[in-house]
Amino acid sequence: MSELVDAIVQIALVIMVGLLLPCAYRVFIGPSAADRLQAIETITTLLIGVIVLLAIIQGSAFVVDVALALAAFSFVATLAIARYLSEGRMF
Amino acid sequence: MIAEIVGATFIILGVFFSLVGVIGIMRLPDVYSRIHASGKVATLGIFGLLIGVALLLPGTLVKAVGLLLFLLISSPVASHAIAAAAYRSNVPLADVQRDDLAGVSRPQRKRSRDAE
Amino acid sequence: MIHFIFPAALIGVVWVLVTSRVTLESYFVGLVIGLAITALMPPPLPVIRWRRLPDQAFALVLYAMILLRDIVLSGLDVTRRILSPTMPLNLGIIAVETQDETANPLIAALSADVITLTPGELVIEVTDGHTLYVHCLDVEASAARAAAQQAQRLKLFKHILGRSS
Amino acid sequence: MNTLFALATGLMFGMGIFQLLRRDLIKSAMGFYILFTSINFLFLAVGAYDGVIAPYVDANNQTSSQPSDPLVQALILTAIVISFGSYALLLGLIAVSSRRFRTLDSDRIDQLKG
Amino acid sequence: MVLALVILLPFLLAVLVSFARMRASTVGTISALAMLTLFIISLLQLSSVTVLGASSLNIPWIPEIGLTLSIYVDGLALLFVLLITGIGVAVMFYAGQYFEDGRTAARFLALLLAFTGSMLALVLAGNVLTLFIAWEATSIISFLLIGFYGGDSAARRGASQALVITGGGGLALLVGLLLMGSAGGSLQIADLLANGDVLRAHPWYTAMVILILIGCFSKSAQFPLHFWLPGAMSAPTPASAFLHSATMVKAGIYLLARLSPALGDTLLWTTVLPVFGIITLLMGAVLALRQRDLKAILAYSTISQLGAFVALIGLPNGEGLKAAFVGILAHGLYKCALFLIAGAIDHATGTRDILLLGGLRRSMPGFALVTLFAGLSMAGVPPLFGFVAKELLIEAAEIDPLALIIVVLSAAFTVTVALRLFWDVFVRPGAPHDGVELHLHKLPRLMVIGPALLAVTSIVTGIGVGPLITPLIEPALGKSTSLYLFPPGGINLAFVLSMTALAVGIAVFVTRGWWLAWRLPTLTSGTQIYAGIIRAVEGLGDLLLTSQGGKIRYYLTAILTAVVLLLTIAIVRILPFEIQAIELKNASDVLKAVLLGLALVSTGASILFERHLLAALSLGVAGYAIGGIFLLEPAPDVALVQFLVETLATVLIILILARTSPEERQQAISKLWGQTRWGLMRDLTIATALGCAMTIFALAAVNSRPTPNSIAGWHLENALPQVGVNDVVAAIVTDFRGTDTLIEITVFGIASLGVLTLLARPKPGKVTRFRLRLRHPVRSMQIEPSGETEPDLPMIYRSRFADPVTQLAALLVLPFSFVIALAHIAYAGVAPGDGFTAGAIIGLGITLWFVVFGYQETKARLRWLHPTSLIGAGISVALINAALPLVFGREFLAFTQVADIYVADIKIASTLLFEVGICLTVFGGVSTIMEAISHPQEAEPL
Amino acid sequence: MSNSLLLGPIFIPLGGAALGILLARNRTYQQIIGLICGVLAWVCSVAVLLANLSEGIFTYNLGGWVPPYGIVLVADLLASIFAVMATTVMAAGILYVLGCRDKSVSAPAFMPLFLCMAAGLNGALYTGDIFTMFVFIELMVIASVILVAISDNRLGMEAAIKYLFISAMGTLFLLTGIAALYASFGTLNMADIARLLASGERPVLAQAAAVMLMCAFLLKSAVFPFHFWQPDFHTVAPTPVHAVLSSVVVKVGVYGLIRMTTLMFTAEAPLIHDLLVVLGLIGIFFGSLGALRTYDAKRLLAYSTFGQIGFILVGIGWGSPATLAAAIIYAVNHSFIKSSLLMLTGTISSRTSAKTSRLSEIGGVGNTLGFTSGLYFLGGLALAGVPPLNGFISKVTLIQSGIGLEEWLTVGLIVGAGVITLMYMTRTWQLIFRQERAETVQLKPRGDSVLAPALLIGLCLALGLFASPLIQVALRAVEQMGDPSLYIRAVLGG
Ligand code: NA
Ligand code: NA
């Protein structure tokens, strides 16, 4: 892999990780719980991107498996919280 | 070589859209519009990165497709659920032009401070 | 039997995707797994009919293309709005009928999913299995094209799902 | 980097302890969770190698890069599973006791004394 | 060794008697006859001891602690054996008459016989530990006898008090004896007696003597440990007569006499014993004067006599031993008789109050006669045996004027007491003072035989003291001596003083109307002091128990403070050490640092957020950030687990929030910052201190690495060749450290069972099954495909809860979760993911169902889902996999594969089965937890 | 082959637990399985002890991986003695469960949890790997927390929460110590750590690691100031659980302390010893007085355990071979005494409708139960150290060894505590068995079976009358521990 591409990927990784911070900020400031929730959802999504970039950097395809699980299942928590928010109680 | 260039381009695109999405999350006026921005990260941002990785690291192509599949299932559902939760817990809309949902009978939530 | 085989066959594909081993051997393993899963909890996957298979596949690919186009176009639009210093937003919630005569929740769900997937539109509520309430960043544009888009979507969905009508 | 992990261990531990000492049982349970997280950092900090690749070995190409310590990773896995099990149990206990004692204030759950 | 049988016989008889169903008198007679037999046997031994000297028998018992079953027979031992068995005859016989009920008598006599056996073992013991065992046995049986009437709270208190004093003294004695054994190099009495010089010169001498004296004084009721004896009078009278007058209380005297050759004749010994003895002598005599209760009078008088014996044993060169031995015999005879009579009076009149009694000679003439003679012996009137004893006592006291005065004074008071016992009870005319009418019960005619026997013996031994008693005393003294009723040299000082005492005693008796009316200041009694000490101890205990205040925060604070202190001590020793500089070598390190910062800030935010949901969300962010760190480490396996567990943990806490009442949570929340400033400062201080300690600790830990010889290197090298796995973490988890994993999943499984069991138990103690019961049977619910008009369409249900979007997601994700999970299992060795992640993933799929569809619909649709069985099955599979290699002669949990078989790159080996087991357990566990929390019956807010 | 016996005490109960979970619907099967597993575990542990005596230390490499790379089970005499003690009480506990009328006992999870507790305990004793010890201890802790939480006593929940929090502290300390050890030595095998500690220069962290491990073990044994959980947690437990917790489960910390001071941290041992004596004395003092002032038959025994552990710690802390042997003897004897007393208390409580053990409410309940009364009396005497019961042997060996070291103050305290023990045990016995029953107390015609406690009391008596074997084994164990190289060689070979 050429140095340029390597550099691009590295920078991309840094940016993606950097983007986590404003999202975290959104989690902290809200203002509504739904805001925080969607910020967390974004963090998850960004992390999927981070993993994908890491796969390129580390040159190992298996890292994508982690992203797969994250993509498929982290929203379970989001749904649970959303349901709690919209109904006040769960069951 | 071409794959590398195209791949890198898609990665730049993916990162760009992610960046835009996060800017949206910071800038947009209410939770509903911020959910749009968040969805953007998921769709355009990650799509770009996935295409990029599939090109740069050919071994991941199949997995990238699988990942995309799951993202297609989960991402809109999450956005929808959050939006519904926000609306049901009376999170205010920023100056809307039109609200067809106002007045439609919906499941009412129990009062809790948690949603505020 | 056919109700077992086809979901299982699709699950087999998913297995291949997930394990990233594109071999016939791997697919057969996936198929076996698919059969077991289908027996336990039949997933809501389209029922494939041999006669209509080309139709189904064609509709799927076509809709994928349309969706992709929509996503990219509205993505660019939303990008413009977000990055613009004045943030020209035109927020609002519109009601969109699924136009499905049976009010099938599956249609509603699929429609809601793809609408939400499109940047700039977000389904907030689905009532009675046929009315979608969509939050839009540009409420006028969305309202203008909503009904037509939904009609097209419904048609293609019916093809994809192998529905007779 | 390991030094940083060491600092994080201490910080996390301190925060966990503070949270643990709240009267609110749910907060205390969160403190419990934080404390176990800090232990993960400690294990990361004491890993034997400064690894740059994941501990995956391949028969044909022995890369010159140093893999990270697989043993501490296995230990962390075990610790995570056990602490999660305990955490679930703790939350279950709190849920039931909140029904029985009608409070989540740990100071009011003090019938056993003397 | 016949005397070994002498010890065993009473025990055997005790067992037999306790099972016997006979009349009381029969039991008593049998026991008395047994005692008589023993007495005769012992008497026959006397000659051999006289001829051959001391003899001993040793059977090793527990040689490690120096305990041998040994018997040491000499004159002293035999003297006591004769005393015990002889008086036992009278007491046992009397006891048979005393009890009306055969069962009670049997129970009582069994105890009494066991006591006899223990007492005989005590005096015959040839090893100090054997002696101690017997000593404790007598204390215990005494406790049981004092509390024989357990319904009486005073009896229970008295029994307890007696046991605490004598038992506690016994423990002191034990230490003293062990010290002596250590110093003397043996626990055998014979050796110790031979080693007296060594013992007396040993630095521990003082300690051992004091400890042994505490033991002996407590047992023999010496000042200041005397007060338990009057309290022990709630025992049935035969027990009081036998234990608390004639025998057990003399065990201390016996031991002092026994050890005086080894320990005696030092300044300490000859000071402490006479001083405490004399004090006790006087105190007992004085206190006896003013008692109203017959048994109390006798008890104090006994204390007084015991004091005299202790003082006598303490005299230098064994000068007082003769007087002591004679006194012990004489006292045993008359005091026991008097006790038995007191019991008879109590029996007949229902009272023992001397002020209420009087003129009983008409109704109880036999007892009056016996009392007369026993009293005369007590008063020391010739020619009774008591006279001889008193002469010898006074003679021995002649060495010190003060002692002499006290002895004579005490003798005088004893005369007074004896006179009161006879005159005021049997002779004094007129009705009782208080007008209380006495109900006289008819006593068994034979009851008088016991005391009479003793009184007659007092007379006979008094008159024939020379021939009868000398042979008993001589072997005990170990030298020849002579005894006589009247001194051959005519009237001597002792006789004069004896008569003086008699006269004074009579005088005091006559004036009793006058001095009994005195209002003396009530001195603080021993019992009160004892109660005071107990109260103080109890107060201390209460003070300590206040630390157990019930509030978990303070417990944790205390524990953590202790840890901080300990850790600080340990850490200060390693300071200063070199701290490795923070070097961020590459982008990955920088990103790790960023994520670390994010994790820490989020954690901090979770503390600052008051509301639970927000705190939980912050924690979720921290968890994901940590997952990112793991990814960058790089540790993909851990990262995967971290992401999944974090998701599960978040769901869990949300479900718990939904489960708990918002009001209660609000209440608890408002307590957070409403805490006092001081409380917050305290928490902050502890948190900071521990955080700092931990930081230094971790820095030091980092300083110790990298470790060149870490076993992880071996793991990296051997994962592929040994178990054919690329993922070294997977190799460690399933093979190299498979046991950890096996146990870890069991922990997880049972934790989830715990959650279920807890939540499924509405009330404590209510029995439930694992299977939760539905209020509405699932079958009756309407769950039909909504597309019924169009059977072609895939099924999607009308749900009570779910909106179509989430429903569709749930329906799709669960099957896919199986696919992904199976992929994790199949390729655990080459990719991130393993059985645990597989289980967690399916668990998340199930969780999604519970979240989307609720409990009832989920259970109705997934009828195959039996979470607890899954746990059991999972652990079973894992265990079967572990045990299978044993069948092939390999180790438990050994890596097994038939050959290098791959199906679609899936390695077919034991590991696969293990992974399946892990997956099943974790899947079952997660489902169990979710099922338990989402159970509808539990959802009702309470 | 004898090596595989080592698996028995750990994995037989574990298998029984798994089977028990599968058969959750049938309590009878569960109990039969439980009894079989309990007995088999006991047989295995005894066989291990015997093999140990004849062959010396032996090991079992789990999975066939050679130490220090894999996990190894090690049977030395110390572990074997503790394991026999544990399996004996566990088997008795299961026997008690069979005749127990508690409702909590009929919970489907009860027997599996009980067996897990046994497996965890035995595993913690036999393992030669410090991290595996942590895992086994967690198994034990989690199982016991649940068992207490589901108690018939309505405060079970409260105690369980408190213990779970406090126990987590112990877990943290243990993990911290393990991390430090791994950082310093790159290994988790205790023999390997011992070898490295003995051979090279001492890493800076050794002492701090020792402190952390010590805190963890002190917490598991409920030693001052880590004791707060113990009276609560033990008292509210269902009787068979209480019997096991208060007797053998608390000993796991004691075992850990002995193991770490004799095998690994021999250089730090003097410091630790001094601390142990101080803490032990405080425990004796606190436990005795606490028991004296507690009017609940179960709770006072929990306090008594606090005190008794103090005696054991003092024995360890005195640090000579004789005192260490005395401590081991004390630990074993105390287990049998305490478990039998607790079971007897349980049989009494089971006669009352309230299932309480408060003396004010169970006073006189036992006054018609002659056999139980006798057993309790014997147990009380054994606890107070009265001959010829086994408690006497403990006390004598401890005092003798203390005299050898001229530790007068401590010996004095032991004597004082003995008096107090005598006070509260006789008082309790009198109140339960000797006084008249209050009219309001309704007695149930049947209570829990006294078979298990009777057997245990028999054992106490036997261990008092025939104490030599135990003393000899303890002395041999101490002799074995005196030379850590034996252990190291047995595990690592060479
Ligand atoms: Na959208
Ligand atoms: Na793996």
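F/Thr294 does not touch chain D: none of its heavy atoms, backbone or side chain, sits under 4.5 Å away. Only the side chain of F/Phe134 comes within less than 4.5 Å of a heavy atom of chain D; its backbone N, CA, C and O stay farther away. Both the backbone and the side chain of D/Phe36 come within less than 4.5 Å of a heavy atom of chain F. Heavy atoms of D/Ser86 lying under 4.5 Å from chain F belong to its backbone as well as its side chain. Contact annotation for F/Ser167: neither backbone nor side-chain heavy atoms come within less than 4.5 Å of a heavy atom of chain D. Heavy atoms closer than 4.5 Å to chain D are found in the side chain of F/Val145, but not in its backbone. Using a 4.5 Å cut-off between heavy atoms, F/Leu139 does not touch chain D at all. Proximity to chain D (any heavy atom under 4.5 Å) is restricted, for F/Glu138, to the side chain, taken from C-beta onward. For a residue to count as touching a neighbouring chain, one of its non-hydrogen atoms must lie under 4.5 Å from one of that chain's; by this rule F/Arg299 touches chain D with the side chain only. Heavy-atom distances place the side chain of D/Ile39, and not its backbone, under 4.5 Å from chain F. Within the 4.5 angstrom heavy-atom criterion, no atom of D/Ser83 approaches chain F.
D/Ala48 approaches F/Tyr182 most closely through the heavy-atom pair CB-OH, 4.0 Å. Across all their heavy atoms, F/Met157 and D/Leu93 have their closest contact at SD-CD2, 3.4 Å. The nearest pair of heavy atoms linking F/Met169 to D/Leu20 is CE-CD2, 3.2 Å. Minimum interatomic distance between F/Leu164 and D/Phe32 (heavy atoms only, all atoms of both residues): O-CE1, 4.0 Å.
D/Leu112 contributes atom CG, which lies 15.0 Å from atom CZ of F/Phe228 (distance to the nearest 0.5 angstrom). Within the model, atoms CD of F/Glu158 and NZ of D/Lys113 stand 9.0 Å from one another, a figure rounded to the nearest 0.5 Å. Separating the CD1 atom in D/Ile109 from the CD1 atom in F/Ile161 is a distance of 5.0 Å, to the nearest 0.5 Å. Remark: D/Leu42 CG to F/Thr176 OG1 distance equals 6.0 Å, nearest 0.5 Å.
For chain F, the option among D/Leu75, D/Thr78, D/Ile17, D/Leu90 with the highest count of heavy-atom pairs below 4.5 Å is D/Leu75. Per-residue heavy-atom pair counts under 4.5 Å with chain D were compared for F/Ile142, F/Ile146, F/Leu172, and the maximum is reached by F/Leu172.
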Take F/Tyr69 and D/Leu71 through the side chain to side chain contact (heavy atoms under 4.5 Å, CB included) test and state the conclusion after the steps. CA-CA 10 Å; F/Tyr69 309 113; D/Leu71 185 54; over 6 Å; no
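Under a 3.5 Å cut-off, the side chain of D/Gln111 and the backbone N or O of F/Leu155 do not form any donor-acceptor pair.
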